[in-house]
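Chain letters run A, B, ... following the sequence lines, proteins first and then strands; every chain starts at 1. Scope of the values below: all heavy atoms of this structure, side chains included, with no hydrogens, waters or symmetry mates.
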Number of protein chains: 2
Amino acid sequence: MATIRDVARLAGVSVATVSRVINKTDFVNPETAAQVLKAIEQLQYEPNAVARGLAGKKMGIIALILPDILNPFFPALARGVEDEAQKKGLTVILGNSDDLGLKESTYIKDLKKKYVDGFIFASNTIREEDVESLRKEGIPIVLLDRGLNTASCPVIRSNNRAGAKLAVQHLIERGCQKIAHIYGPQEFITARERLLGYEEVVGELEGYSPSLMVSGKFDIESGRQGVEHLLTRHPQIDGIFAGNDLMAIGALKALRERGILVPEQVKVCGFDGISLTEITEPELTTVAQPIYEMGGLAARILLNEIEGGGRENTIIELDVALIPRKSTR
Amino acid sequence: MATIRDVARLAGVSVATVSRVINKTDFVNPETAAQVLKAIEQLQYEPNAVARGLAGKKMGIIALILPDILNPFFPALARGVEDEAQKKGLTVILGNSDDLGLKESTYIKDLKKKYVDGFIFASNTIREEDVESLRKEGIPIVLLDRGLNTASCPVIRSNNRAGAKLAVQHLIERGCQKIAHIYGPQEFITARERLLGYEEVVGELEGYSPSLMVSGKFDIESGRQGVEHLLTRHPQIDGIFAGNDLMAIGALKALRERGILVPEQVKVCGFDGISLTEITEPELTTVAQPIYEMGGLAARILLNEIEGGGRENTIIELDVALIPRKSTR
DNA sequence: ATCACAGATGTAACCGTTTACATTGCTTTC
DNA sequence: GAAAGCAATGTAAACGGTTACATCTGTGAT
């Protein structure tokens with residue numbers, strides 16, 4: 001591989017001039033520039049990213065840390081991030097944190113050493129101190145679905161509350177009168193907000209009881225268990241709003257096992273809009289987040305910060321959309 | 001951040017000695033080493049990975065290039081790779097190639113500049129020349145599911161042929177007599193092998209006709225279309241072996257739409273063992289590949305090559321396992 | 001006493017960029 | 001006609017490690 005010095009030699013200029021031509025960082029006589037360009041072409045020269053990284057403390061890499069790529073929510077997010085990064089010539093490092101603060105801290109420590117340009121965290125466990133320390137060192141970071149209103153960095157999330165209300169209202173419109181909710185872990189702000197949205201709408205219904213809410217863990221199995229608990233307490237429920245699609249799928253399974261027809265006897269609505277909802281039987285009504293777009297947006301905001309742009313610390317709340325399908329027909 | 005020179009100064013030794021202590025690359029007097037360690041501790045020193053990378057041409061990063069993380073096959077693979085890499089202190093760059101040779105070449109070009117330690121390609125489109133050029137430059141590479149018997153590098157795949165035979169035999173055991181096959185794109189060796197396995201078993205059956213094979217594209221929609229074609233030609237089929245799980249899911253959908261009962265009237269078997277097969281209705285019988293383990297294995301082999309180990313160019317064929325579920329009961 | 005050699009460490013070049021500062025040659029200004 | 005200013009480019013010091021080679025000491029062999 002040719003180096004910048006080879007180019008300089010061939011073009012009969014100094015390395016500084018070559019660097020200037022490459023980066024357009026300073027004025028260079030057009031004729032000289034042409035010479036340099038010719039030499040670059042001739043030698044098939046490509047700047048070495050690591051040397052650049054060392055000099056500039058930026059490797060042209062962004063880190064995407066998410067709980068688990070196996071969770072069907074995250075591939076779309078990752079793809080959104082990657083496509084956007086790719087467009088701008090950056091690459092993406094992927095890390096699975098399993099929602100473990102320790103793993104996240106480890107990633108931060110390791111990746112700082114590698115001069116990654118910035119971080120995107122889809123995480124509920126990230127520590128405020130970690131965020132702070134990154135900020136202090138001038139390393140941009142974007143958070144997804146994170147609580148802190150005291151945001152010291154940009155946060156992107158969906159309008160979970162409004163989405164939950166959409167879901168419940170939809171169930172009501174479809175004739176449900178006794179609507180249960182399987183909520184997710186309350187340390188996740190998404191789960192809390194969805195629960196609040198549910199309560200807000202359903203609280204006014206007659207015959208409503210707090211025991212219509214059962215907890216789940218955002219996975220299939222707990223959705224199934226949630227339904228079992230619910231049915232023993234409230235055999236007469238006719239609508240279930242699950243805190244996410246996975247739990248809704250679990251709910252579907254449990255209902256089927258018990259011979260309860262969906263949507264005839266009980267209607268089910270999920271949340272997230274992952275692609276799995278299209279392959280269940282019946283297909284699942286859900287409140288869709290623009291997952292792919294969220295990833296793209298996160299990347300764009302991060303890149304903007306990397307390029308020295310905004311330091312806005314905005315909280316961006318994206319709209320969600322109800323997708324009616326067979327499970328609530 | 002402290003540098004190696006800070007450590008050297010504090011410990012009263014030269015940077016070379018510090019480097020030796022850190023890397024255990026040479027003998028150092030235990031007392032001196034202790035001094036150095038103390039200084040490291042005191043300064044909270046951590047070697048800069050980029051500087052290291054520049055000097056050693058290795059950034060401690062491996063690249064995983066796959067067609068599309070949105071395809072439910074790949075998250076498990078990615079997770080397998082990441083977990084293994086993580087264990088050895090490496091990080092993973094993720095790239096989506098969309099099975100486009102051009103994108104792959106671009107990744108190679110970009111990532112070479114970043115001194116990634118090695119590549120894992122889950123790809124059918126990678127060009128032989130690209131493989132060669134990497135090899136020539138001494139950059140290790142591992143291929144998944146790639147054809148070339150002229151392997152100039154390690155290749156990992158499942159025993160697709162044997163798996164297909166398992167599937168068809170299973171259908172026969174369950175009483176199927178007219179077994180169709182929806183095969184995947186024949187440029188994929190996996191698809192070819194599975195087709196061969198199918199033919200091998202089914203060719204001996206009486207009433208077998210080549211028109212029982214229809215092509216698909218390894219996605220849900222083409223599985224559905226495949227079934228539609230099949231049913232017009234052969235209304236009496238009672239078993240379908242799909243070339244992968246996604247097409248099997250499409251098949252399930254199409255059958256349901258037509259009111260054909262699975263498994264009562266037609267039994268369906270997929271291939272891959274992705275987690276989606278557990279949430280369909282009925283749950284899908286499939287030939288499972290050890291996807292997560294394949295990822296882990298690929299990473300391990302790659303790391304071994306990176307550390308200067310084998311240059312074995314083995315083709316490793318992993319066993320698959322039939323998982324009988326409701327769709328063939 | 002001398003030589004060879006091994007143990008322990010230091011020196012400085014190198015990896016391939018970026019960039020602050022210096023230099024050079026002209027033009028402009030009073 | 002000297003001072004000032006600007007355009008264009010060069011020089012060399014970073015960035016933070018690794019490592020080939022040099023150096024110095026002490027030891028056993030001859």
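Counting non-hydrogen atoms under 4.0 angstrom, B/Glu46 reaches the backbone sugars and phosphates but no base.
Counted within 6.0 Å of CD on B/Gln44, heavy atoms from surrounding residues, nucleotides or ligands total 12 or fewer; the atom is thus considered open. Other residues, nucleotides and ligands contribute at most 12 non-hydrogen atoms within 6.0 Å of the CD atom of A/Glu31.
Between B/Asn48 atom CG and D/dG16 atom P there is a gap of 6 Å when expressed in whole angstrom units. With rounding to whole Å, B/Lys58 atom NZ is found 19 Å from D/dG17 atom P. As a whole-Å value, the separation of A/Lys113 NZ from D/dC15 C1' is 18 Å. One can place NZ of B/Lys57 at 14 Å from C1' of D/dG17, the figure rounded to the nearest angstrom.
Using modelled atom types and a 3.5 Å distance limit, the side chains of B/Thr190 and B/Asp145 yield no donor-acceptor pair.
Contact annotation: the side chain of A/Val36 never approaches that of A/Ile22 to less than 4.5 Å [non-hydrogen atoms, C-beta and beyond].
Here the side chain of B/Asn96 pairs no donor or acceptor atom with the backbone of B/Asp98 at under 3.5 angstrom. Of the possible polar contacts, none joining the B/Asp99 side chain to the B/Pro67 backbone as a donor-acceptor pair under 3.5 Å is found. Without hydrogens or angle criteria, B/Lys58 side chain to B/Ile306 main chain gives a donor-acceptor distance under 3.5 Å. For the pair B/Asp6 (side chain) and B/Thr3 (backbone), a donor-acceptor distance under 3.5 Å is present. Using modelled atom types, no side-chain atom of A/Asp110 and backbone atom of B/Gly89 make a donor-acceptor pair closer than 3.5 Å.
Bending across the helix from C/dA1-D/dT30 to C/dC30-D/dG1, expressed as the angle between its end axes from five pairs apiece, amounts to 60° (10° rounding).
When the side-chain nitrogen and oxygen atoms of B/Arg52 are compared with OP1 and OP2 of D/dG16, none of them lie within a distance under 4.0 Å. Contact between the side-chain N/O atoms of A/Tyr115 and the OP1/OP2 oxygens of D/dG16 is found at a separation under 4.0 Å.
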Show the numbers, then the answer: is there a side-chain contact (heavy atoms from CB on, under 4.5 Å) between A/Arg135 and A/Ile141? CA-CA 7 Å; A/Arg135 282 262 124 177; A/Ile141 165 172; 3.9 Å; yes
Table of protein N/O atoms under 3.5 Å from nucleotides 6-9 of chain D N/O atoms:
unit_1 : atom_1 : unit_2  : atom_2 : d
D/dT9  : OP1    : A/Thr32 : OG1    : 2.2
D/dT9  : OP2    : A/Asn29 : N      : 2.8

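Between B/Glu41 and B/Lys38, none of the side-chain N atoms (NZ, or NE/NH1/NH2) sits under 4.0 Å from a carboxylate O, so this pair counts as no salt bridge.
Map B/Ala16 and B/Leu54 each onto its nearest nucleotide of DNA chain C; the residue landing nearer the 5' end is B/Ala16.
Between chain B and DNA chain C, the heavy-atom contact criterion of under 4.0 Å yields a 5' to 3' nucleotide range of C/dA8 to C/dG16.
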